Amino acid sequence: MSLISVHKLSKQYEATEVVRGLDLTIQPGECFGLLGPNGAGKTTTLKMLLGLVSPSSGDIRIGTYRIPEQARLARQTIGVMPQMDNLDPDFTVTENLRTYGRYFGLNLDQLNARIPGLLELTGLTSKADSQIPTLSGGMKRRLTLARALINDPELIVLDEPTTGLDPQARHAIWSGLRRLIQQGKTILLTTHFMEEAERLCDRLAIIDHGQLIATGTPRDLIASEVEPQVTEIYGETVTQWAEQHAGSCCDRHELSDETLYCYTHDSSSLLTILQNQTALRYLQRPSNLEDVFLKLTGRELRD
Amino acid sequence: MKYFTPPQLSLRFLPIWQRHFLVWKKLAIPNMLGNLADPIFYMLGFGYGIGSLMPHIGGVSYLSFLSAGSLCYSTMNSASFETLYSGFSRMHVQKTWEAIMNTPLTLDDILLSELFWGATKSLLSGVAILIVIWGLGLEHDWALSLWAIPVAFLIGLTFSAMGLVMNAISPGYEFFMYYFTLVITPMVLLGGVFFPTERMPATFQFVAACLPLTHALQLVRPLIMGHIPHDMGRHILIMLVWGASSFWLATGLTRRRLLH
């Protein structure tokens with residue numbers, strides 16, 4: 001049985017429909033990524049799953065709980081890592097975890113037994129008694145992750161867990177998440193880092209304008225949505241060159257600013273031509289999730 | 001209007017109240033001193049200063065008269081500052097409420113915790129002022145003056161609930177200034193903190209009779225002066241009506257703000 005099932009979920013604010021007929025199923029033990037540009041409806045969807053925003057229509061079920069009616073009971077089994085840090089700045093690391101644990105009805109003995117393991121998992125053991133303002137951004141994120149695990153949740157919901165972190169801090173979060181996946185936890189995360197989704201997620205859904213536009217494993221999405229090879233070509237004369245050659249050399253191409261993205265099944269003939277073009281520089285790489293994402297959601301800036 | 005269904009009252013708010021208490025405890029001594037200094041200076045300054053120019057009011061010194069006013073004034077302020085400035089920080093700036101809403105607790109639990117925490121702060125200020133009153137020997141009957149403690153808590157509940165209404169509609173800290181200048185200050189001047197309401201024109205007296213602070217004073221002042229308040233039930237009831245209806249309104253407005 002699926003752990004999360006969402007059927008025909010919609011949310012309307014006055015004239016704007018933020019989520020439009022979304023269907024999702026997430027299996028226990030799965031790491032599921034919800035991808036989409038800013039304003040695609042990711043955070044609203046998460047809030048509806050947690051019962052914090054009521055849907056305009058549609059059904060949500062988490063485990064055996066109906067949402068939003070039984071959201072309180074469902075949240076007892078869910079750990080949430082929000083997009084923005086909202087740790088208690090007046091408390092130490094341990095006090096933050098204790099206070100949060102009490103919201104789940106845990107007593108001090110249970111909490112004292114649980115907290116060292118969580119600090120260890122998130123690499124914060126040496127910071128147990130530190131004040132929050134003395135922690136780095138990455139440490140705060142890790143503490144927020146530890147806090148999300150205080151109730152030993154079956155489902156962990158992460159809203160952009162690594163936004164704003166440096167690469168080291170991001171890798172630390174990823175390694176923590178991988179350990180949780182190995183423990184069999186179900187993870188639902190939103191992100192707009194394609195690398196994050198590709199590394200962590202078993203399956204993903206790309207949503208835009210509140211609608212599901214693609215779903216599958218990262219590998220299947222890449223195989224089904226885009227050609228396997230990408231050649232990125234740049235240089236002052238790229239626009240001219242594209243007009244003459246892109247149609248014949250590329251299976252599909254996109255010109256964005258000064259860069260031509262040339263998608264091919266076999267790039268060998270293209271590369272031969274490019275070798276003689278001294279005014280152009282190019283980069284050859286296998287296609288990835290970002291190519292899928294940009295193809296499906298477009299290259300225009302979202303605000 | 002689905003947001004304005006009655007508030008759900010549950011003891012689930014206790015761990016949140018405990019959180020507020022633990023934060024307060026970290027800075028308990030400066031907090032208490034800050035709370036106390038202002039009303040004590042007012043009481044002593046005005047009490048001795050203006051008091052020396054005035055005859056006795058209703059048979060007691062102006063300082064005695066003012067002490068009951070100070071108790072009400074500072075308990076009201078404790079609850080108001082707590083639910084306005086500190087509550088707004090927790091809701092809007094630190095996002096403490098948001099963190100709590102991701103747990104099995106609800107927004108209604110959070111509001112109830114704010115209501116009781118504000119009232120707890122009032123209780124603490126009330127007790128502190130009462131200790132000063134005892135220290136200066138201003139009370140007429142020690143045992144009777146103890147009843148000012150539950151009244152301080154009731155004042156706290158009423159003004160916390162009113163503060164939460166403001167909190168629910170506030171775009172920022174600046175907004176609270178309106179509440180203090182347009183609601184709190186007139187209430188203080190009309191309600192009998194500094195001078196007896198009976199000396200004012202009839203219209204003012206009528207307005208004063210509608211305001212919760214006036215009724216708080218009509219409970220606290222007799223208790224300090226050593227007699228049982230007249231019409232006790234009516235005063236308590238009016239404060240409860242202000243408190244309960246404000247809390248209901250605050251819950252609806254806050255749900256509309258945060259759960260849409």
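Note that this is a predicted model, so its numbers are computed, not measured.
One finds the OG1 atom of B:Thr106 at 7.5 Å from the CZ atom of A:Arg75 (value rounded to the nearest 0.5 Å). Residue A:Asp90 holds its CG atom at 6.5 Å from CZ of B:Arg19, rounded to the nearest 0.5 Å.
Counting non-hydrogen atoms of neighbouring residues, nucleotides and ligands closer than 6.0 angstrom, the CD1 atom of B:Ile29 reaches no more than 12 such neighbours. Atom OH of B:Tyr179 has more than 12 neighbouring heavy atoms from other residues, nucleotides or ligands inside a 6.0 Å radius. Counting non-hydrogen atoms of other residues, nucleotides and ligands closer than 6.0 Å to NZ of A:Lys8 gives a total of 12 or fewer. Residue-environment remark: CH2 (B:Trp24) exceeds the threshold of 12 foreign heavy atoms within 6.0 Å. Taking a 6.0 Å sphere around NZ of A:Lys47, one finds it holds 12 or fewer heavy atoms contributed by other residues, nucleotides or ligands. Residue-environment remark: OH (B:Tyr178) stays at or below the threshold of 12 foreign heavy atoms within 6.0 Å.
Here A:Pro89 is the residue among A:Gly105, A:Pro89, A:Pro82 with the most heavy-atom pairs under 4.5 Å with chain B.
Considering every non-hydrogen atom in both A:Tyr100 and B:Asn102, the closest pair reads OH-CB, 3.8 Å. Closest heavy-atom contact between A:Arg72 and B:Pro104: NH1-O, 2.6 Å.
No part of B:Leu27 comes within reach of chain A, as not one of its non-hydrogen atoms sits under 4.5 angstrom from that chain. For a residue to count as touching a neighbouring chain, one of its non-hydrogen atoms must lie under 4.5 Å from one of that chain's; by this rule A:Arg147 touches chain B with the side chain only. Using a 4.5 Å cut-off between heavy atoms, B:Arg90 makes no contact with chain A at all. Residue contact with chain B, scored on non-hydrogen atoms closer than 4.5 Å, involves the backbone and the side chain of A:Leu52 alike.
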**Request:** Give the C-alpha distance, both sets of side-chain angles, the deciding distance and a yes or no for side chain to side chain contact (heavy atoms under 4.5 Å, CB included) between A:Met84 and B:Lys95.
**Result:** CA-CA 9 Å; A:Met84 303 285 187; B:Lys95 306 276 181 198; 5.5 Å; no
**Message:** Please determine whether side chain to side chain contact (heavy atoms under 4.5 Å, CB included) holds for the pair A:Asn86 and B:Ile100, giving the CA-CA distance in whole Å, both sets of side-chain angles, and the decisive distance to 0.1 Å.
**Reply:** CA-CA 9 Å; A:Asn86 49 26; B:Ile100 298 170; over 6 Å; no
**Message:** Is there a side chain to side chain contact (heavy atoms under 4.5 Å, CB included) between A:Arg98 and B:Leu22? Walk through the geometry before answering.
**Reply:** CA-CA 11 Å; A:Arg98 259 188 218 144; B:Leu22 291 173; over 6 Å; no
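Judged as a ring-ring contact (aromatic ring centres under 6.0 Å, His included), and not counting sequence neighbours, B:Phe153 has no contacts.
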